[in-house]
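Below is one structure, written out as structure tokens, with a few remarks after it.
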Amino acid sequence: MTQPLDTLIETPSQTGGPYVHIGCIPTFAGIEGVYPQDLGLSPITDGAKGPLVTITGQVIDGTGWALRDALLESWQADAAGKFPGQQGADPNVTGFCRFAADKDSGEFTLRTVKPGPVPMRGGGLQAPHISLWIAARGINIGLHTRVYFEDEDNSTDPLLARIEQKNRLPSLIAGKTGEGEYRFDIRLQGEGETVFLDI
Amino acid sequence: MSDLGPLVPRRRDMHPVPYDPDYKTSVTRSPNWPLLSMESTPSEETGPRFGHSMLGPLDNNLILNYSRDPEKPAVGERILMHGRVLDDFARPVPNTLVEIWQANAGGRYRHIKDSYFAPLDPNFGGCGRTLTDDQGRYQFLTIRPGAYPWPNRANDWRPMHIHISVFGHSFGQRLITQMYFQGDPLIDRCPIAATIKDRGQLDRLVAPLDMSMARPLDFLAYKFDIVLRGRRQTMFENKLEGM
Ligand SMILES: [Fe+3]
């Protein structure tokens, strides 16, 4: 016998189901008037520093079909690499956004500022990236991934460096499609499957 | 012992399996390849904070927050859903956003894609939110949702359940789960509940009737505690500037 550890175990996840929008973005789901507006409509307010970027994409299942019912959340640092709440962080960057796949096309859009490099705990820098979390019917535990940018130096990023199969790296890197415009598709399964994170 | 370190790694065996043929939609939406495991970084250890100024007085009262008229409450068995949000180390998680959504008493969601023929309740929207207090406690006043059939296997029914979304203080703590009700025979037949393979873990999603919090002649109560990943706390962590 030993002493008990007395630590608790995390509550198990369950799928958000087909109506996750009712709880998270009710106005989008057609339920008006309960809240003044949905939470996390934009990760920035007027005057946010840094280059504006628009990231569009789809969440695609193992058959190649774009999900129409996916809910996404993003979290990021400001242009100087500081997270909201940290000393000196840009007051116009809330850093958090909730957005949904379009119910007809499955396309999502995130408009924000490009984050700066973020320091690691023990020193070193992470390349600019936006953290993503995906919830939907059929996803039993929310999926974490990251958006990096094609036109940044990603060569020394510690997370990307851990990916052994370098042919999977592009799944985490948004491709530049125009000035300040990027494409980032998320493949849940199969060919070109996105690298998801246990982090 | 004041520096907060990395998040405690998730115990994936204590969570549902991502791929489960009995829950058909999971078959094409579950990654084939292993997740990339790494110690958390500031990107996961920080997270959005929400303030009380955002909340309206009826946000956690689903009986009234849609009709906004005390004369027009939602139909159904009135219940108080309450509990605490804690971390792995049993520390309360204060001031964190808890959001819920649910079907009405007949098992129908207010959603364009829900075509079940149980009627909509004109006085029930089905969403609520609140912030935990300094002890990590939260409360919702709502009605008990009905069970409902869903297209999966030929005759699958969801047990009565309330969906719950919790933020914690770190993006890496983000969690969505569901609360079930003590004694519901449909729990054992539900392929979504059954994606959790550890029975003890599934039991943790089943809220007991809690008569200590019920109000006579008004509402019953169910208790539902939630545990989020904690952050290691040691004197051996390198302190990061600004954190
Ligand atoms: Fe449901």
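Order of the sequence lines fixes the chain letters, A, B, ..., with proteins taken first and strands second; residue numbering starts at 1 for each chain.
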Open item on the list: Under a 3.5 Å distance rule, please check whether B:R229 uses its side chain to pair with a backbone N or O of A:I9 as donor and acceptor.
Closed with: no
Open item on the list: Looking only at heavy atoms and a cut-off of under 4.5 Å, which of A:A89, A:A29, A:G33 has the most pairs with chain B?
Closed with: A:G33
- [ ] For A:Y35 and B:G128, indicate whether the former's side chain and the latter's backbone hold a donor-acceptor pair under 3.5 Å.
- [x] yes
TODO: Indicate yes or no for a side-chain donor-acceptor contact from B:R110 to the backbone of A:G30 under 3.5 Å, with no hydrogens or angles considered.
DONE: no
- [ ] Spell out, as yes or no, whether a donor-acceptor pair under 3.5 Å connects the side chain of A:W75 to the backbone of B:E44.
- [x] no
- [ ] Classify the ring geometry between A:F96 and B:F167 as parallel (under 30°), tilted (30 to 60°) or perpendicular (over 60°).
- [x] perpendicular
Task: chain A contacts, top residue of B:S165, B:S40, B:S30 (heavy-atom pairs, under 4.5 Å) - done: B:S30
Task: Pairs of heavy atoms under 4.5 Å with chain A: top-ranked of B:R68, B:R174, B:R12, B:R11 - done: B:R174
Task: Rounded distance (nearest 0.5 Å) linking atom OG of B:S26 with atom CG of A:L188 - done: 11.5 Å
Task: Minimal non-hydrogen separation, A:P18 against B:H111, with atom names - done: O-NE2, 4.2 Å
Open item on the list: If you count heavy-atom pairs within less than 4.5 Å of chain B, which of A:E164, A:R146, A:E32 leads?
Closed with: A:R146
Task: Among the listed options A:H21, A:Q37, A:E73, the residue most often paired with chain B at heavy-atom distances under 4.5 Å - done: A:E73
TODO: Output yes when A:D198 and B:R10 qualify as a salt bridge under the 4.0 Å nitrogen-oxygen rule, no when they do not.
DONE: no
TODO: Could you have a look at B:G126, B:G47, B:G125 and say which one has the most heavy-atom pairs with chain A under 4.5 angstrom?
DONE: B:G47
Task: Which atoms of B:L97 approach chain A - backbone, side chain, both or neither, heavy atom under 4.5 Å - done: side chain
TODO: Could you grab the distance from atom CD1 of A:I141 to atom CE of B:M14, nearest 0.5 Å is fine?
DONE: 12.0 Å
Task: chain B contact via A:V195 - which portion, at a heavy-atom distance below 4.5 Å - done: side chain
- [ ] Could you check if a side-chain atom of B:P48 sits within less than 4.5 angstrom of a side-chain atom of A:P84, using non-hydrogen atoms only?
- [x] no
TODO: Give the member of B:D225, B:I226, B:I192, B:L62 that has the highest number of heavy-atom pairs under 4.5 Å with chain A.
DONE: B:I192
Open item on the list: If you count heavy-atom pairs within less than 4.5 Å of chain B, which of A:V59, A:L67, A:T94 leads?
Closed with: A:L67
Task: A:Q86 versus B:T46, side-chain donor and acceptor atoms under 3.5 Å - done: no
Task: Top of A:I31, A:T7, A:I22 for chain B proximity - count of heavy-atom pairs under 4.5 angstrom - done: A:I22
Task: Minimum side-chain heavy-atom gap A:L8-B:F89 below 4.5 Å - done: no
- [ ] Kindly say whether A:P12 contributes a backbone atom to a donor-acceptor pair with the side chain of B:H15 at under 3.5 angstrom?
- [x] no
- [ ] Heavy-atom distances under 4.5 Å only: say whether B:Q178 touches chain A with side chain, backbone, both or neither.
- [x] both
Open item on the list: Using modelled atom types and a 3.5 Å cut-off, is there a donor and acceptor pairing between side-chain atoms of B:T25 and backbone atoms of A:R137?
Closed with: no
Task: Portion of B:P9 that has a non-hydrogen atom of chain A nearer than 4.5 angstrom - done: neither
Task: For the student: nearest non-hydrogen atoms of B:E39 and A:I199, plus distance - done: O-CG1, 3.9 Å
Open item on the list: Can you tell me which of A:L39, A:I130, A:L5 forms the most heavy-atom pairs within a distance under 4.5 Å of chain B?
Closed with: A:L39
TODO: Would you check if the side chain of B:T28 reaches a backbone N or O of A:D61 as a donor-acceptor pair within less than 3.5 Å?
DONE: no
TODO: Mind listing the closest non-hydrogen atom pair of A:Q14 and B:L205 along with its distance?
DONE: CG-CD1, 3.6 Å
Open item on the list: Evaluate B:M38 against A:L197 for side chain to side chain contact (heavy atoms under 4.5 Å, CB included), listing each step before the verdict.
Closed with: CA-CA 8 Å; B:M38 192 171 130; A:L197 308 175; over 6 Å; no
TODO: With a 4.5 angstrom heavy-atom cut-off, could you sort out which part of B:L86 is near chain A: side chain, backbone, both or neither?
DONE: side chain
Task: Under 4.5 Å from a heavy atom of chain A, the part of B:V27 involved - done: backbone
Open item on the list: Report which part of B:L228 has an atom under 4.5 Å of a heavy atom belonging to chain A: side chain, backbone, both, or neither.
Closed with: backbone
TODO: Let me know if B:R129 has heavy atoms under 4.5 Å from chain A in its side chain, its backbone, both or neither.
DONE: both
TODO: Could you have a look at B:G56, B:A90, B:P34 and say which one has the most heavy-atom pairs with chain A under 4.5 angstrom?
DONE: B:A90
- [ ] Using non-hydrogen atoms and a 4.5 Å limit, figure out which bit of B:D198 sits close to chain A: side chain, backbone, both or neither.
- [x] neither
TODO: Select one option (side chain, backbone, both, neither) describing which atoms of B:V17 are under 4.5 Å from chain A's heavy atoms.
DONE: backbone
Open item on the list: Please report the interatomic distance CG(B:L4) to CZ(A:R121), rounded to the nearest 0.5 Å.
Closed with: 9.0 Å
Open item on the list: Tell me whether the count of non-hydrogen atoms from other residues, nucleotides or ligands lying under 6.0 Å of CZ in A:R183 goes above 12.
Closed with: yes
Open item on the list: Using every non-hydrogen atom in the two residues, find where A:M120 and B:T41 come nearest and quote the distance to one decimal.
Closed with: SD-CG2, 3.9 Å
Open item on the list: Between B:S43 and chain A, with a heavy-atom cut-off of 4.5 Å, which part of the residue counts as in contact: side chain, backbone, both or neither?
Closed with: both
Task: Distance, nearest 0.5 Å, that separates SG of A:C24 from CD1 of B:I176 - done: 5.0 Å
TODO: State whether the number of non-hydrogen atoms from other residues, nucleotides or ligands found under 6.0 Å of A:Q165 atom CD is greater than 12.
DONE: yes
Open item on the list: How long is the straight-line distance from CH2 of B:W33 back to CZ of A:R168, given to the nearest 0.5 Å?
Closed with: 7.5 Å
Open item on the list: Could you measure the distance from the CD1 atom of B:I164 to the OG1 atom of A:T11? Nearest 0.5 Å is fine.
Closed with: 9.0 Å
Task: Residue pair B:P42 / A:V118: nearest heavy atoms and the distance that separates them - done: CB-CG1, 4.2 Å
TODO: Check whether B:S37 gets within reach of chain A through its side chain, its backbone, both or neither, counting any heavy atom under 4.5 Å.
DONE: both
Task: Contacting region of B:E99 [heavy-atom separation from chain A under 4.5 Å] - done: side chain
Open item on the list: Is the shortest side-chain heavy-atom distance between A:F196 and B:L36 below 4.5 Å?
Closed with: no
Open item on the list: Using a 3.5 Å distance criterion without hydrogens, assess whether the side chain of A:E193 forms a donor-acceptor pair with backbone atoms of B:P31.
Closed with: no
TODO: Return the minimal non-hydrogen interatomic distance between B:L175 and A:E10, and the atom names on each side.
DONE: CD1-OE2, 4.1 Å
Task: Ring center gap for A:H144 and B:F171 short of 6.0 angstrom - done: yes
Open item on the list: Is B:R49 close to chain A through its backbone or its side chain, or both, or neither, when contacts mean heavy atoms under 4.5 Å?
Closed with: neither
- [ ] Mark yes when over 12 heavy atoms from residues, nucleotides or ligands other than A:K103 sit less than 6.0 Å from its NZ; otherwise mark no.
- [x] no
Open item on the list: Are the side chains of A:Y19 and B:H163 in contact, using a 4.5 Å heavy-atom criterion?
Closed with: no
